[in-house]
Amino acid sequence: MTIVYRLFLTCFLFFFTLGIQAQEPRVYKEPKFGFDWSKPTVYPDRIVLTFGQNATEEIRVNWRTSTEISEAYAEIAPATAAPKFWRNAITQTAQTETLDASEIEQAEVQANYHSARFSGLTPGTVYAYRVGDGTRWSEWFQFKTPEADPDAKFSFLYVGDAQNYILELWSRLIREGYRKAPDADFIIHAGDLINYAHREQEWHEWFTAGGFIHSMLPTLAVPGNHEYNYLNEADREARKRSLSIQWKPQFSFPENGPEGLEETVYYVDYPQVKFIFLDSNRDHQIQAEWLESVLSENDKRWTIVSYHHPLFSASSGRDNSELRALWKPIFDKYGVDLALQGHDHSYARGRVAPGENKLEGLNMRDQTGTVYVVSVSGGKMYGLNPNAWENFEAVRDRAAENTQLFQVITVEKNTLKFEAYTAVGELYDAFDLVKAKSGANQFIERKSELGPEYRFDNTIPYEDQLPQEIAEQLIESYPGFKINRVSFIEESGIFRYRVSLQKDTEQKTVFLDQSGSIIQ
């Protein structure tokens, strides 16, 4: 990128930001959903693919209906251009389980979940499948099994927290990801798929936002802290948080994790990559022992791990030091190549030194240990840690605030390419790893392809903002106070500013009309 181009971008962002700040206040209208919007019917919905342990040979599918449907089926056939490929289909009876969450706050639903496993598949083959009760069928969906050749090229998507504004804002992100990488093999979700663990509406938003993508690209997900919550008041008093009651019925992840952690801790094998998924919410020591065992027998060229809470936090006021002390030495020992994380609602990408805890000299510049990434895909945003990863035995190479991102990761032979894109398809971050015969990774930085980093001060304001003139008038009326938070409110067609003011420990809430006059 030339100096002239960089100057142009900087000037553009400066004047663009000034223009945004000067806009008229706008009250956001959140969508309202009826109580029955997320309820199941006799027709299949929430159709989602996952992998078995061996991705080249086993695909699993889950879907939901009302409890009226007690018997369900899945049909699969090798797909061809001829429309009657279904003549070669086989029919399987699905396993059915009833979820009775009618007494659980925010769930309040009864549903039947159905699942089928397609095993013994041929690698590198396009298959079509459908699900239903024998009369009411879904459309035919297609997926392709991975190639068996360990040198074959493939790619996948990775996203951080969806969590908030799921149907409103996450939908555009995941659909842009699919548009950017339509040939991706699957999607990794690094936790906090929703905000309230058991809330039916949010799960419905998640499935609706992804639509057919969930039915064609296998989902590989880990639970975040928001996938855990209290089932009832007794659990709340005992501070006993439970995994989302929808998690296991609606996903069929491999059951190869530690006892009691099945389908939240697991691994999936590609011919050249071992993908390992951890639950950073609990039982860290048990998982550490399991992880050591799995990695000690790992013969794959690449190792990629995903979990929710970052070992190197991106945002201010966060540090998972105990988890880092427990898991990082195992990553170092066995040469984990890439760690994909969420939780912090900002973006950070960095790395540690290969085989040592120093970041000095050519060793770090030319080679690297594990590369750690934290990303966010939904609409909730936090501020970055201003000190980056100082004093953490790691270096942060690229970061972002206030930016929805998805990542496309491509693996071919001894090269791994990482690219992060914004919700409008801009390339925001990129690097390559090239693996030597010794197993060491050469790190190739691609910042010359990138524009400036995004922060709260050069993007559309995340928080509601008072016009500067009104803000100055308010501070004159309340000397010594600072504006803590502003909210735009519209009731019965009347606009108001709600302003929180603070001076030391004293707080005030003030309401202003649109001209800035104090109402109360």
Side-chain angles (χ1 to χ4, degrees), residues 156 158 160 188 190-191 220 222 224 256-258 261 264-270 272-314 318-344 348-359 363-364 367-375 388-389 391-397 407 409 411 414 416 418 431-436 438-443:
F156 63 94
Y158 144 60
I188 289 178
L220 295 172
V222 296
N256 51 21
L261 293 170
T264 65
V265 180
Y266 57 97
Y267 66 86
V268 170
D269 282 330
Y270 256 60
Q272 70 273 56
V273 185
K274 184 173 285 290
F275 293 95
I276 300 175
F277 301 87
L278 302 170
D279 185 349
S280 57
N281 295 280
R282 62 189 186 119
D283 299 316
H284 297 154
Q285 182 61 48
I286 292 173
Q287 292 180 67
E289 295 169 4
W290 174 84
L291 179 63
E292 177 104 30
S293 175
V294 170
L295 289 176
S296 68
E297 299 176 357
N298 181 21
D299 61 356
K300 305 298 183 183
R301 181 182 298 158
W302 298 95
T303 304
I304 297 174
V305 177
S306 184
Y307 48 91
H308 184 61
H309 298 81
L311 296 198
F312 298 97
S313 295
R318 296 185 170 209
D319 182 21
N320 303 301
S321 57
E322 293 183 5
L323 190 64
R324 181 170 63 250
L326 182 61
W327 286 0
K328 180 182 177 293
I330 302 174
F331 290 8
D332 293 342
K333 179 179 179 180
Y334 293 100
V336 169
D337 299 293
L338 187 61
L340 307 177
Q341 309 155 114
H343 189 58
D344 282 354
R349 182 262 294 176
R351 55 208 168 102
V352 299
E356 59 185 283
N357 289 326
K358 296 181 180 178
L359 303 181
N363 193 34
M364 182 59 187
Q367 297 185 40
T368 184
T370 306
V371 177
Y372 292 85
V373 183
V374 183
S375 192
W389 292 351
N391 303 318
F392 287 150
E393 299 177 348
V395 59
R396 191 178 79 186
D397 292 319
Q407 290 66 224
I409 300 167
V411 180
N414 67 333
L416 183 152
F418 179 101
F431 68 87
D432 296 344
L433 298 178
V434 180
K435 188 172 291 292
S438 65
N441 286 335
Q442 179 188 5
F443 182 83

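Atoms considered below: every heavy atom in the structure, side chains included; atoms not considered: hydrogens, waters and symmetry mates. Positions are given from 1, in the same order as the sequence printed here. Treat the numbers as computed from the prediction; the structure is a model and nothing was measured.
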Checking side-chain contact (heavy atoms from CB on, under 4.5 Å) for the pair V434/N441: CA distance, chi angles, key distance, verdict?
CA-CA 5 Å; V434 180; N441 286 335; over 6 Å; no
For a side-chain contact (heavy atoms from CB on, under 4.5 Å) check, start with the C-alpha distance between I304 and V273, then their side-chain angles and the critical distance, and finish with the verdict.
CA-CA 7 Å; I304 297 174; V273 185; 4.0 Å; yes
Hey, mind stepping through F431 and D397 against side-chain contact (heavy atoms from CB on, under 4.5 Å) and telling me if it holds?
CA-CA 10 Å; F431 68 87; D397 292 319; over 6 Å; no
Between V336 and L295, does a side-chain contact (heavy atoms from CB on, under 4.5 Å) hold up when you go through it step by step?
CA-CA 9 Å; V336 169; L295 289 176; 4.2 Å; yes
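Without hydrogens or angle criteria, N256 side chain to Y267 main chain gives a donor-acceptor distance under 3.5 Å. Here the side chain of Q341 pairs no donor or acceptor atom with the backbone of H308 at under 3.5 angstrom. Between the side chain of T303 and the main chain of D337, no donor-acceptor pair closer than 3.5 Å is present. No donor-acceptor pair under 3.5 Å is formed between the side chain of R351 and the backbone N or O of V371. Using a distance-only test at 3.5 Å, with no hydrogens or angles considered, a donor-acceptor pair links the side chain of Q287 to the main chain of R282.
Within the 4.5 Å cutoff, side-chain heavy atoms of V373 are placed close to those of Y158. With contacts defined as side-chain heavy-atom distances shorter than 4.5 Å, the pair D279/D283 does not qualify. Considering only heavy atoms from C-beta on, V268 comes within 4.5 Å of L220 through its side chain. Using a 4.5 Å heavy-atom cutoff, the side chains of L338 and V305 are not in contact. The shortest distance between side-chain heavy atoms of V374 and H343 does not fall below 4.5 Å. Annotation: side chain of I286 is in contact with side chain of L261 (closest heavy-atom distance under 4.5 Å). A heavy-atom distance below 4.5 Å is not found between the side chains of I188 and V222. Within the 4.5 Å cutoff, the side chain of K328 has heavy atoms near those of the Y372 side chain.
Contact detail for D344 and A314: the closest heavy-atom pair is OD2-N, 2.7 Å. Heavy-atom minimum distance, A288 versus I330: O-CD1, 3.6 Å. Among all heavy-atom pairs drawn from L311 and F331, the shortest one is CD1-CE2, 3.8 Å. Scanning both residues, S306 and A190, for their nearest heavy atoms gives OG-CB, 4.0 Å.
Salt-bridge annotation for D299 and K274: absent, with no side-chain N of the basic residue lying under 4.0 Å from a carboxylate O of the acidic one.
Just one residue in the list N320, V395, V352, T370 forms a side chain to side chain contact (heavy atoms under 4.5 Å, CB included) with F312, and that residue is V352.
Not counting sequence neighbours, the partners of K333 by the side chain to side chain donor-acceptor pair (under 3.5 Å) test are E292. For S313, there are no side chain to side chain donor-acceptor pair (under 3.5 Å) partners, not counting sequence neighbours.
Pairs of residues two or more places apart, or lying in two chains, that qualify as ring pair (Phe, Tyr, Trp, His ring centres under 6.0 Å) and include a residue from residues 273-303 are F156-F275, F186-F275, Y266-F277, Y270-F275, H284-W327.
Inspection of the Q407 and S375 side chains reveals an N or O donor paired with an N or O acceptor under 3.5 Å. When only modelled atom types and interatomic distance are considered, H309 and R318 share no side-chain donor-acceptor pair under 3.5 Å.
Taking NZ of K435 as the start and CG of D432 as the end, the distance is 13.5 Å to the nearest 0.5 Å.
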